[in-house]
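Computation of the quantities below employed the complete heavy-atom set of this structure, encompassing side-chain atoms and omitting hydrogens, waters and symmetry-equivalent molecules. Note that this is a predicted model, so its numbers are computed, not measured. Naming convention: chains lettered A, B, ... in sequence-line order (proteins, then strands); numbering from 1 in each chain.
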Amino acid sequence: MRVAWRNDAQDTGLGEARGGARTPATATATAYPDWEAIYTDNVGRIYRLLFAKVGNRPDAEDLTSQVFLAALGPLRTTASVGEVRSYLLATTRTVLAAHWRRTLGHQVTVIDPAGIDLADFADPRGLHSELGRSDGGEYGQQDSEDAGHAAGQGSRSQAEHILAELPDQQRKILILRFLQGCSVKEAAAELGVTVANAKVLQHRALRRAAGLGLAPDKIKKGEAP
Amino acid sequence: MKRPVDRYIDSLLRRRRPRPFAPSEDDLALTRTAIALAAAGPDAAGPAPEFVEELRRKIGAQHAAAEAASANTALAAIPEPSRAVPARRRFLQATAVTAGAAAVGATADHLITRRPTGSAPAAESELTPVVGTWQTVATDADLPEGGVLSFNLSSVFGFVQRTSGRVQAVSGICTHQGCRLDLKTPSDELVCPCHGATFSLSGQPLSYPNSKYTVPPLPRLAVRVKEGSIQVYAPPPNPTADPTANSASWSGGTAST
């Protein structure tokens with residue numbers, strides 16, 4: 001419980017001191033051995049959840065830091081995996097809300113803890129973290145790569161839903177630019193138009209997507225895993 | 001000229017941090033759409049490994065600080081992940097911890113295993129042995145108003161002082177790495193000979209040469225004046241005279257929750 005470093009704990013045999021006698025309350029009965037396990041198992045999930053909500057790496061990483069620095073203090077590692085994840089989720093929701101208050105002054109995207117399960121945000125690449133020691137995947141049954149894909153597909157299907165409403169060229173430019181990370185130049189070359197045309201095309205496409213489709217958050221709530 | 005919302009979307013596309021602006025309703029709709037699309041972009045797969053490691057380090061430091069603040073003895077003092085500490089330093093820490101733990105008559109094992117799981121006693125809470133006796137450290141007359149005395153029971157080393165008529169006792173083991181503190185007389189400070197940390201006589205940390213660390217306060221010890229003697233509540237003296245074999249255990253004053 002109070003032993004901070006896994007190696008020390010093992011070396012000195014203090015490991016037995018951890019855990020305590022508390023019985024985990026929820027169905028996901030496994031408990032994490034220490035904060036590092038909590039971190040390793042969830043840092044990717046929190047990042048992916050936040051990335052889906054802010055759409056850029058620097059913000060997603062900043063907010064992920066905030067979540068863990070705020071959450072790991074009060075967390076008891078005797079809590080079950082389920083309890084830890086709901087706590088992280090609640091913290092993430094608060095951190096995201098504060099982020100939008102601070103930056104755009106509106107809740108651009110929100111996290112609905114009832115509709116989200118962190119188990120669905122496993123690493124889609126299947127690189128199961130350094131925790132890949134033998135106890136790697138024990139934290140919940142749904143932690144398979146399939147679940148990871150489900151989360152990835154959540155964002156993807158949301159994007160597809162938006163794109164489906166668009167004319168061909170407009171859909172293509174948004175795919176090239178947003179999903180595939182092409183520059184305007186590359187996208188223009190791909191579509192066989194001038195750079196200026198590509199810019200206008202993208203501009204209109206996005207406006208149309210924003211004006212036509214359901215608000216992304218509504219889509220998310222309806223369809224996300 | 002580009003509107004702020006366009007710059008915001010540009011930043012998303014360039015995979016950079018977008019700048020705050022005051023959005024209109026339309027801007028918000030655009031931003032939401034752009035985020036929804038970017039969410040399926042190349043960076044969605046996961047955080048950068050460097051970021052993950054850096055944050056792990058930060059949490060570790062935070063955790064170590066919390067540990068230090070919550071533990072009652074020199075045991076608290078490991079300030080950073082030991083894997084980052086050179087072997088020699090780790091050895092020094094280990095010996096310091098052992099020495100500190102021995103000095104208060106409780107082995108590290110006892111401290112860790114006996115403390116109730118759910119509570120982290122504040123560092124300045126009273127350090128009270130579960131099994132202890134009142135042991136005389138000085139006579140009442142030895143300690144005038146404003147006076148300070150060090151005492152050394154077999155299990156506890158510390159200082160007693162009398163201010164405003166009240167007698168107080170604090171542990172005399174530095175909460176950084178477990179060295180014995182010296183009393184600096186004119187200023188009435190407790191000074192650590194190892195790294196120069198200083199504490200007030202009430203146990204509050206005053207300074208540390210390396211400002212990166214904050215040193216937890218010294219634990220207070222239960223003390224009373226009875227029949228002309230100043231007594232500290234401490235584990236009973238060990239007949240074997242080997243302090244590390246002392247079977248007494250401790251709990252922090254707030255650990256009963």
Side-chain angles (χ1 to χ4, degrees), chain A residues 1-5 7-8 14 17 20-22 35-36 39 43-44 47-48 51-61 64-65 68-69 72-73 76 78 102-106 108-109 123-125 152 155-156 158-159 162 174 177-181 206-207 209-211 213 215-217 219, chain B residues 6 8-9 11-23 25-48 51-52 54-56 58-60 62-64 66-67 70-71 78 81-83 108-109 111-118 120:
Chain A
M1 53 162 186
R2 315 283 329 154
V3 183
W5 309 111
N7 294 339
D8 291 356
L14 295 178
R22 262 172 54 186
W35 70 261
E36 269 202 279
Y39 175 71
V43 62
Y47 169 86
R48 282 184 282 276
F51 187 84
K53 298 298 179 181
V54 297
N56 72 93
R57 182 185 288 280
D59 278 342
E61 289 186 344
T64 304
S65 295
F68 280 97
L69 289 172
L72 281 183
R76 299 262 157 258
T78 45
R102 210 171 41 239
T103 54
L104 299 192
H106 295 263
V108 181
T109 54
D123 193 334
R125 297 164 298 188
S155 300
R156 203 152 272 272
Q158 179 183 336
I162 293 169
L174 293 189
R177 294 285 275 134
F178 283 92
L179 274 59
Q180 294 176 10
L206 198 62
R207 239 147 251 280
D217 260 357
I219 298 168
Chain B
D6 294 327
Y8 196 96
I9 291 163
S11 298
L12 292 180
L13 286 168
R14 289 166 195 270
R15 297 154 75 177
R16 290 184 188 155
R17 186 194 306 280
R19 284 198 168 173
F21 68 103
E25 280 304 310
D26 282 3
D27 291 344
L28 283 174
L30 272 177
T31 307
R32 282 196 184 102
T33 310
I35 288 175
L37 291 169
D43 286 337
F51 162 78
V52 171
E54 173 67 12
L55 180 55
R56 187 193 304 277
K58 272 190 207 160
I59 299 169
Q62 189 193 45
H63 210 82
E67 291 275 306
S70 70
I78 299 170
S82 40
R83 73 170 78 130
D109 281 284
L111 269 167
I112 288 182
T113 53
R114 298 290 178 86
R115 190 181 296 144
T117 321

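Within the 4.5 angstrom heavy-atom criterion, only side-chain atoms of A/Y47, from C-beta onward, approach chain B. In this structure, no portion of B/R14 lies under 4.5 Å from any heavy atom of chain A. For chain B, the nearby parts of A/L206 are the backbone and the side chain; heavy atoms of each come within less than 4.5 Å. Both the backbone and the side chain of B/R17 come within contact range of chain A, judged by heavy atoms closer than 4.5 Å. Looking at B/L37, the atoms closer than 4.5 Å to chain A (heavy atoms on both sides) sit in the backbone and in the side chain alike.
Not a single ring-ring contact (aromatic ring centres under 6.0 Å, His included) links B/F51 to another residue, sequence neighbours left out.
In A/R102, the CZ atom is crowded: over 12 heavy atoms of neighbouring residues, nucleotides or ligands sit closer than 6.0 Å.
Interatomic distance, CG of A/D59 versus NZ of A/K53, reported as 15.0 Å (0.5 Å rounding).
Between A/F68 and A/Y39, the ring-plane angle classifies as perpendicular under the 30° and 60° cut-offs.
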Assess the residue pair B/D27 and B/Y8 against the criterion (side-chain contact (heavy atoms from CB on, under 4.5 Å)); give the C-alpha distance rounded to whole Å, side-chain angles, the decisive distance to 0.1 Å, and a yes or no. CA-CA 10 Å; B/D27 291 344; B/Y8 196 96; over 6 Å; no
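Between the side chain of B/R32 and the backbone N or O of A/V108 there is at least one donor-acceptor pair closer than 3.5 Å.
Among the candidates B/P42, B/A22, B/S11, the residue making the largest number of heavy-atom pairs closer than 4.5 Å to chain A is B/P42. Per-residue heavy-atom pair counts under 4.5 Å with chain A were compared for B/T31, B/L30, B/L13, B/I9, and the maximum is reached by B/L13.
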